[in-house]
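Here's the structure we're looking at; comments come further down.
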Amino acid sequence: MTQNAEMIYGQIYAAINTKFKEDIPSVDDIEAEAIKIKELFASIYPISDEEFNQIKRKLNAEIYHKIGEAITIRGADSNHKPWYFTHTNDGFYWERYKRYLRDKKHWSRNIIDRLHKTTNEIMDDLGDPNSTEPFQRRGLLLGDVQSGKTSTYTAICNKAADANYKVIIILAGMMENLRIQTQERLDAEFVGNESKFILDKKADSIMKNVPVGVGRIVANKEKADKPIACFTSSVTDFNKNTLKALRLSLDNLKGVALFVVKKNKSVLNNLLSWLTSTFQDKLIEYPLLLIDDEADNASVNTNSEEKDPTAINKAIRSILNCFKQASYLGITATPFANIFIDPDVEFNDAKDLFPRHFITVLPSPDLYIGADKIFGNGNADDWDIDGDKSRTEGEFNSSLIPIMNEEQKDFFVFKHKKDLADSLSDLPPSLYEAINYFILVNAITDYRNDTKEHRSMLINVSMYTDVHIVIADFVETYVADLCRDIEDYAQKPIEKIMQLNSFKKLFETWQKYHLEEISTLSWDTLVKEFLFNSIRRIEVRAVNQKTGAKSLDYTKYKDIGLRVIAVGGNSLSRGLTLEGLCVSYFYRNTMMYDTLLQMGRWFGYRPNYSDLFKIWMGEDAIDWYGYITDAINELKDELIAMKNQGMTPEDFGLKVRRAPGALLVTARTKMRSATAIKQPITVSGRLIETPRLRYSLEALNANEKLCRDFIKELPVPYKYDPDTKAFIWKNVPKEMVQQLVLNFTTHPWNLNFQSKALADYIGTNTRYPFWDIAIPEGSSESCSELILSDGTTINPYHESRIIEKDISAKDMLKVSGHHVRIGAGGCTKIGLEKEEITKLRNQAKAAGQKINDSTYLVEERNPLAIIHLLENSAEGDLSLPMPIFALGLGFPKGQETRVANYMVNITELKNYVDEDDLEYEDDDIVS
């Protein structure tokens with residue numbers, strides 16, 4: 001922003017805070033105040049229309065004009081009593097942090113108040129450190145990726161210090177660069193001093209006492225001498241030898257002790273050993289708050305003993321048990337965390353970390369750009385009647401650019417090895433396009449006067465560090481060559497400029513993504529006034545453990561803004577924040593969606609550039625993201641319903657373990673053993689389909705014969721419903737459906753549809769002896785003749801679906817891509833009368849519920865079996881029969897939740913994936 005724009009912005013911001021005190025202003029409120037202030041100061045601080053629009057965009061981004069309430073479910077604990085709302089303290093740390101958020105980070109009073117309210121509730125759920133009674137509290141915060149979870153637990157740290165917690169341990173993920181980022185953030189927002197030299201024996205007192213962040217704000221001068229003792233630093237993880245050399249210990253602790261450590265077996269065991277030796281195996285009297293950031297991490301099987309989840313969980317439990325009073329607070333973005341989905345959790349000590357006392361779902365502001373806004377959702381209310389559209393698009397769906405598998409055959413195939421670093425001779429065209437786009441975005445943001453903001457691009461295509469380095473070299477060469485061309489030619493006549501291939505490629509990207517329309521900036525002006533200054537500051541860095549933890553040091557560039565293209569793997573995934581992320585290029589094997597969500601660094605806030613950010617992503621990754629988005633939304637909705645019903649975290653844990661989506665996570669954790677998975681899965685109120693089929697003509701033909709024979713045995717008459725466009729048979733004996741399901745072949749990785757388990761469930765369920773059968777019609781011009789039991793025929797039109805080969809597993813067909821389903825949204829309405837359908841929709845709307853397949857699966861109806869005749873609408877040379885037969889089974893709701901006992905054959909699953917595809921690295925692999 002220009003200086004005048006900054007002044008106007010400050011005046012508007014102050015006016016809004018003064019006027020709207022306890023209320024959150026709407027966009028219209030912000031607009032009205034902005035116009036008033038602009039006109040009032042027009043003669044003193046004149047600004048352009050574009051600057052005024054920029055001010056309004058920034059106001060909307062920073063005020064977060066709407067944010068919901070946190071939702072908490074609690075377990076019974078007769079020993080815990082509410083305490084925080086009657087507790088009094090001077091509030092030094094919280095008041096200091098609150099002022100920092102308001103004055104330095106420009107949070108509105110309304111959002112600070114909402115953070116205050118949410119964290120007050122969480123504090124009350126932690127143990128009371130002022131009581132004399134021992135306690136061991138366990139809780140979990142569930143929030144969206146990059147949505148502000150760190151700010152929440154930082155506020156809790158400040159309030160915990162005020163409330164008399166004496167030891168605070170932060171488990172900051174499994175990588176050193178993430179630990180450092182967390183340490184530096186807590187230095188600024190909790191400690192108030194840089195920790196860089198705090199454990200350096202050679203550093204003098206001046207070097208050890210450099211104020212930063214909240215340290216430059218004195219909330220109460222009389223209480224300004226309340227230091228926080230750091231036992232780790234931004235350069236040193238916990239090391240008992242370092243502490244010994246400095247004679248640092250918890251003996252006679254004054255104030256608060258802070259540890260920010262990696263979730264690593266050796267580090268945690270060293271910390272445990274130091275604690276027990278210091279206090280000679282006696283219970284430590286200091287109250288402990290242990291915050292486990294990314295609590296679902298370290299939950300997968302791994303070859304690394306240092307990252308073995310069993311050993312790490314044991315060390316965490318042992319540390320907690322060293323203290324007379326301890327509160328454990330897990331932080332995660334996915335309910336499919338190991339503490340929920342491990343089917344053996346009741347039978348080992350891991351249950352001690354289960355959040356049995358409380359689970360809180362943190363709200364996300366409206367301006368947060370999460371999975372729903374990018375990948376859409378499964379709300380069936382807007383699905384079309386014809387059934388060829390099965391989910392609503394996200395607001396930012398146009399930001400997704402598919403990376404086609406075909407293009408990557410000569411570059412970053414999923415199964416590549418570390419020797420790709422030796423053979424890679426170029427980068428794929430789509431990556432060059434993404435780099436060009438990033439360069440252009442930098443120029444546009446400069447035009448918008450955001451010259452001091454960080455700007456980042458992410459490239460994540462491999463788990464191997466040597467491959468990262470080679471890619472970074474290619475990118476750096478390309479950017480340097482382009483920079484040289486721009487420097488040499490940008491001021492020449494535009495006709496001459498456009499003869500250069502480099503400018504032609506940039507212009508193609510400019511036109512393809514309509515950047516002139518978005519930016520209101522002409523191509524000529526961009527080239528001559530902004531392009532060179534935007535590109536010359538761009539740096540290219542490989543970011544992994546081999547290149548060091550300081551690969552992305554945004555703090556060094558806080559005054560001018562870092563512009564970086566970051567190339568890496570897992571180091572760019574969990575927890576690490578990429579400031580000002582404009583462009584992402586992501587092509588990784590993505591079947592294991594518990595980790596997929598965490599790899600989404602592109603979720604978050606995009607102030608003043610939400611119209612510019614783009615995500616280049618593998619086409620299969622887009623498919624899986626749509627699936628996990630719906631699965632997580634469903635579980636969050638379940639948790640809200642559970643709160644209203646007074647249910648507990650144990651009830652939620654059971655619900656998660658019985659959700660079909662949990663099977664994929666469980667299967668992956670067991671993949672390194674031959675252990676079979678026996679797991680009850682909830683079927684009541686669900687539509688279970690076969691969107692992943694085996695790519696085998698023999699299997700597809702067998703399914704066709706099975707379905708045709710089944711239809712030929714159906715009793716007549718049937719009826720045709722013109723409203724739902726389906727042929728319907730009523731009251732078919734369940735034994736017929738049982739045999740159909742038992743013999744239908746899907747791909748083994750279609751874990752939701754377990755033929756034997758579902759057939760057994762159908763056969764043993766006495767509540768529903770009869771089923772309804774439906775064959776829906778699609779909008780295709782092709783149809784198939786089906787022979788009925790009386791010799792007559794029907795000729796249903798095929799349903800048009802995109803059917804492609806899914807390269808994330810061998811011999812697997814995917815139907816409908818990221819829709820991950822067969823039928824049209826709400827297809828479970830088939831078999832109901834029109835009046836009943838209308839009634840159920842209205843009831844759901846009145847209750848504020850999403851209208852989806854479950855809406856129509858009411859207890860009073862028969863179960864529904866849907867036979868789909870699919871026609872492939874995808875382009876390509878895939879050899880498939882027509883039609884392809886697929887199934888959907890709708891199970892009615894009931895007062896009692898009904899489950900099918902699934903059995904997953906791990907050995908069979910392993911036959912369909914490569915070992916490398918299953919190895920999601922806990923760290924980047926160094927060759």
Side-chain angles (χ1 to χ4, degrees), residues 405 591 620 623-624 627 660 663-664 667 676-677 687-713 736-760 762 773 775-776 778 780 782 784-787 796 798-817 819-823 865-874 876-889 900 902-914 917:
N405 296 327
M591 180 188 294
D620 295 299
D623 297 344
W624 285 106
Y627 188 35
L663 272 174
L664 189 60
I677 299 172
L687 174 68
I688 299 179
E689 297 183 306
T690 61
R692 297 292 187 260
L693 297 167
R694 185 172 291 173
Y695 184 29
S696 156
L697 291 180
E698 181 182 355
L700 295 174
N701 289 333
N703 284 344
E704 177 175 356
K705 184 178 186 304
L706 175 70
C707 291
R708 286 183 178 276
D709 290 346
F710 173 81
I711 294 166
K712 196 172 182 179
E713 295 297 321
M736 291 184 65
V737 180
Q738 181 183 13
Q739 289 303 308
L740 172 68
V741 173
L742 180 64
N743 293 300
F744 193 88
T745 301
T746 63
H747 193 281
W749 277 101
N750 195 136
L751 295 176
N752 290 6
F753 196 100
Q754 296 283 309
S755 295
K756 186 176 187 308
L758 291 170
D760 288 346
I762 293 168
I773 312 299
I775 301 176
S780 170
S782 302
S784 288
E785 181 180 81
L786 301 175
I787 301 173
H798 300 159
E799 297 176 88
S800 181
R801 298 287 184 269
I802 295 175
I803 304 173
E804 301 168 299
K805 189 173 181 182
D806 190 328
I807 64 174
S808 58
K810 297 172 186 174
D811 300 328
M812 183 158 74
L813 291 174
K814 59 179 179 181
V815 180
S816 299
H819 306 160
V820 196
R821 60 173 303 148
I822 299 293
I866 307 175
I867 300 175
H868 298 276
L869 280 65
L870 307 180
E871 176 181 316
N872 190 12
S873 61
D877 56 358
L878 203 61
S879 177
L880 295 172
M882 189 176 76
I884 287 179
F885 283 74
L887 296 183
L889 303 177
Y902 277 30
M903 172 76 76
V904 180
N905 186 332
I906 292 297
T907 302
E908 183 182 12
L909 291 184
K910 290 173 74 171
N911 291 332
Y912 287 90
V913 289
D914 281 0
D917 294 340

Got a donor-acceptor contact below 3.5 angstrom from the [X] side chain to the [Y] backbone?
X: H747; Y: K810; answer: yes
X: T690; Y: A886; answer: no
X: N752; Y: I688; answer: no
X: R801; Y: I822; answer: yes

Tell me every residue that passes side chain to side chain contact (heavy atoms under 4.5 Å, CB included) with [X], counting only those two or more places apart in sequence or in another chain.
X: N405; result: Y587, E619, D620, I807
X: L880; result: Y695, L700, I803, L813, N872, L878, I884
X: E871; result: S780, S782, H798, M882
X: K756; result: L742, D760

Roughly how far, to the nearest 0.5 Å, is [atom2] of [Y] from [atom1] of [X]?
X: N701; Y: T745; atom1: CG; atom2: OG1; answer: 11.0 Å
X: I867; Y: C707; atom1: CD1; atom2: SG; answer: 5.0 Å
X: L697; Y: E704; atom1: CG; atom2: CD; answer: 11.0 Å
X: R692; Y: T746; atom1: CZ; atom2: OG1; answer: 11.5 Å

How would you list all residue pairs meeting salt bridge (charged side-chain N to carboxylate O under 4.0 Å, His left out) that involve residues 736-753, not counting sequence neighbours?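 Found none.
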
Taking all non-hydrogen atoms of both residues into account, name the closest pair between [X] and [Y] and its distance.
X: P796; Y: L786; value: CG-CD1, 3.8 Å
X: M736; Y: F710; value: O-CE1, 3.5 Å
X: M812; Y: W749; value: SD-CB, 4.1 Å
X: A874; Y: E804; value: CB-CG, 4.0 Å
X: F885; Y: N703; value: CB-O, 4.4 Å
X: Q754; Y: N750; value: NE2-O, 4.3 Å

Under the side-chain hydrogen bond (donor to acceptor under 3.5 Å, both in side chains) test, which residues partner D709, sequence neighbours left out?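 By the side-chain hydrogen bond (donor to acceptor under 3.5 Å, both in side chains) rule, D709 matches K705.
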
